[in-house]
Amino acid sequence: MIKDLAAREDGPVRVSGWVEKVRDQRYVQFVVLRDESGAVQLVNGGVLREPDPENPRSDILVPRTTTISELTQGTFVTVEGELQHNERVKLGGVEIQIETIEVVTAALPDNPIAADSGIDVRLDWRFLDLRRPEQNLVFRIQTTFLHALRNVWVDRGFIEIQTPKLMASASESRAELFEVEYFEGKAFLAQSPQFFKQMAQAAGFGGIFEVGPAFRADHSFTSRHATEFTSIDTELSWIDSHEDVMELHEELIVAGLSAVKEKHGEEIQKLFGIELEVPSRPFPRIPLAEAKEIVKAEGYEVPRADADMDPEGERRIAAHVKQKYGHDFVFLTDYDVSIRPFYHMRNSENPQLTNSYDLVYRGTEISTGAQREHRIEVLEAQAVEKGMDPAELGFYLDFFRYGVPPHGGFGMGLNRVLMLMLQQSSIREVTYLFRGPNRLLP
């Protein structure tokens, strides 16, 4: 791998990768070669463009020179040569003097994307876009972040589950629900693994987690919405309130960002120009009603007919928290029952509120969490109140007829976290293959 060259001694070496750039000068040729680990400069100092009877290596030098001259960006080659350390070389302090170069697969001469191509063009040619170092880094960061979260869960004794994505009924509401043919009947694509996470509590699993796809039939074209996304979900038993869920949530976020900063901090600074910050604990907590009063006092009144916060309000309260506490995260708590699912537990002192929260990161909501209602008679009543038919929820409600401990959890959008972590303009930049209302390809 190219990243390993700097640690090797000078001498013979063999590398493979994609041609990123060619400088074809009169007496010397330079090639920048990149693999998934980095880039290296290749040098052909024996340029010979025409056969020379007096040069005993003419039959080697002329084909080599011609091959390099004809290289196109993206061509995959294998090179053998002499590794040399040279501190004057800006690209890693090493270079390879080419002995042989083999074109494994040639690339067409006209690259369909350029440095200034827009996001839609780049998504059309996503496999080429992903060759960029920034994009490669995004998914190495994603790997590190998720690995750190898994370490926390596993150390706590949590169980990883994989839940089905074909469902017989809605898990949230019938809004934003994909319906699909299912043999002689119909099925729905899971909006979240919510029901099955709670099933694990009834099954006696205790703490569980899942990282998997979720689907929302949402016609939004904003920078933060997708019709298919990766959801990070967890659920745990034996809680006293949603405060226990928030404490776990904090622990996971801090562990994930700490691991990313430790492993990729320098690369993030180099490629994205960002000094990644690891938040302190505890995160600020503000009841939603109070948050709306704060932004109102600062000149913005949330223009919604319902009790929810709007995106501008989230940005405003995040700015307030950043200024007052120096923190990028804030929990907005105690949401009104009118804007929460039927399975959220209601506040014992104020039944108009739920034991729930949204986590806002740099002005954008990334997660919803709550204590769940585990009393069957209350759960049934709340479902009816939300206009849902308990008969359609039979399998779910059965979980609560045979003893369930108090429990809660959250779901968090992985792509939003990455977008905000790296301060990107859209989740499309940090999603391997984006799905939206007008995109099903590639």
Side-chain angles (χ1 to χ4, degrees), residues 146-147 149-173 177 182 185 187-215 229-249 251-252 255 340-346 354-357 367-384 386 388-414:
L146 290 175
H147 181 69
L149 268 58
R150 281 193 167 90
N151 283 342
V152 172
W153 283 316
V154 172
D155 287 347
R156 278 174 162 251
F158 280 39
I159 296 172
E160 182 170 8
I161 62 174
Q162 289 78 38
T163 62
K165 305 310 169 191
L166 286 170
M167 300 183 65
S169 62
S171 56
E172 302 285 342
S173 70
L177 190 64
Y182 195 71
F188 304 96
L189 296 183
Q191 297 163 306
S192 83
Q194 185 58 48
F195 289 179
F196 304 119
K197 290 194 299 179
Q198 292 186 261
M199 173 182 160
Q201 309 313 299
F205 278 27
I208 60 92
F209 66 95
E210 178 180 16
V211 179
F215 304 86
F229 60 95
T230 300
S231 185
I232 300 171
D233 284 270
T234 194
E235 202 83 8
L236 68 160
S237 291
W238 315 115
I239 69 170
D240 293 320
S241 75
H242 54 312
E243 179 62 37
D244 297 312
V245 183
M246 287 189 281
E247 289 180 4
L248 171 61
H249 208 156
E251 181 181 357
L252 290 163
R340 285 311 206 206
F342 75 96
Y343 51 80
H344 281 198
M345 179 174 283
R346 298 186 181 181
T354 57
N355 290 351
S356 70
Y357 67 86
S367 178
T368 295
Q371 181 177 15
R372 318 303 186 188
E373 180 53 67
H374 58 276
R375 296 164 295 184
I376 181 60
E377 68 281 356
V378 178
L379 199 56
E380 287 180 318
Q382 289 180 181
V384 171
K386 289 286 185 179
M388 303 184 79
D389 183 359
E392 292 188 3
L393 298 169
F395 86 96
Y396 171 71
L397 295 175
D398 282 346
F399 302 160
F400 304 90
R401 303 185 197 278
Y402 296 91
V404 180
H407 61 279
F410 68 81
M412 179 168 67
L414 171 62

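Note that the structure is predicted; figures quoted are calculated from it, not measured.
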**Prompt:** Is a salt bridge present between E160 and R150, judged by a nitrogen-to-oxygen distance below 4.0 Å?
**Reply:** yes
**Pairs involving residues 195-204, ordered by first then second residue, that meet salt bridge (charged side-chain N to carboxylate O under 4.0 Å, His left out) (sequence neighbours left out)** = K197-D233, K197-E235
**Prompt:** Applying salt bridge (charged side-chain N to carboxylate O under 4.0 Å, His left out), which residue pairs with at least one partner in residues 399-410 are found, sequence neighbours left out?
**Reply:** E380-R401, D398-R401
**Request:** Sort and list the pairs that fulfil side-chain hydrogen bond (donor to acceptor under 3.5 Å, both in side chains) and have at least one residue in residues 404-414, not counting sequence neighbours.
**Result:**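 Those involving residues 404-414 are Q198-H407.
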**Message:** Over 60° means perpendicular and under 30° means parallel, so tell me whether F195 and Y343 are parallel, tilted or perpendicular.
**Reply:**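 The rings of F195 and Y343 stand perpendicular, inter-plane angle above 60°.
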Closest non-hydrogen atom pair, [X] against [Y]:
X    : Y    : answer
M167 : A190 : SD-CB, 3.5 Å
V245 : A370 : CG2-O, 4.0 Å
A383 : L393 : CB-CD1, 4.0 Å
I239 : G408 : CD1-N, 3.5 Å
S237 : P405 : OG-CG, 3.4 Å

**Asked** Is the number of heavy atoms from other residues, nucleotides or ligands under 6.0 Å of M246 CE greater than 12?
**Response** yes
**Item:** Enclosure of F395 CZ (heavy-atom neighbours >12, cutoff 6.0 Å)
**Value:** yes
**Item:** For E210, all residues meeting side chain to side chain donor-acceptor pair (under 3.5 Å), sequence neighbours excluded
**Value:**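 Result, side chain to side chain donor-acceptor pair (under 3.5 Å) vs E210: T163, K165.
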**Prompt:** What residues form a side chain to side chain donor-acceptor pair (under 3.5 Å) with H374, not counting sequence neighbours?
**Reply:** none
Can you tell me if [X] and [Y] form a side-chain donor-acceptor pair at under 3.5 Å?
X    : Y    : result
R372 : Q194 : yes
Q371 : S241 : no
R340 : S356 : yes

State, with a plain yes or no, whether a side-chain heavy atom of [X] is found less than 4.5 Å away from one of [Y].
X    : Y    : result
L414 : L146 : yes
H344 : N355 : no
I208 : Q201 : yes
E251 : E247 : no

[atom2] on [Y] to [atom1] on [X], rounded to 0.5 Å:
X    : Y    : atom1 : atom2 : value
L379 : L397 : CG    : CG    : 5.5 Å
R156 : N151 : CZ    : CG    : 13.5 Å
I159 : W153 : CD1   : CH2   : 14.0 Å
F205 : I161 : CZ    : CD1   : 7.5 Å
E377 : F400 : CD    : CZ    : 11.5 Å
L236 : F158 : CG    : CZ    : 4.5 Å

**Item:** Centroid separation H242 to Y357 less than 6.0 Å
**Value:**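 Centroid separation for H242 and Y357: 6.0 Å or greater.
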**Prompt:** Between T234 and F410, is a side chain to side chain contact (heavy atoms under 4.5 Å, CB included) present by the stated rule, with each step listed?
**Reply:** CA-CA 6 Å; T234 194; F410 68 81; 3.2 Å; yes
**Fill in**
Across all chains, not counting sequence neighbours, the side chain to side chain contact (heavy atoms under 4.5 Å, CB included) partners of P164 are F196
**Prompt:** Under 3.5 Å, side chain of Q382 to main-chain N/O of F342, donor-acceptor pair present?
**Reply:**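 Yes, Q382 side chain to F342 backbone: donor-acceptor pair under 3.5 Å.
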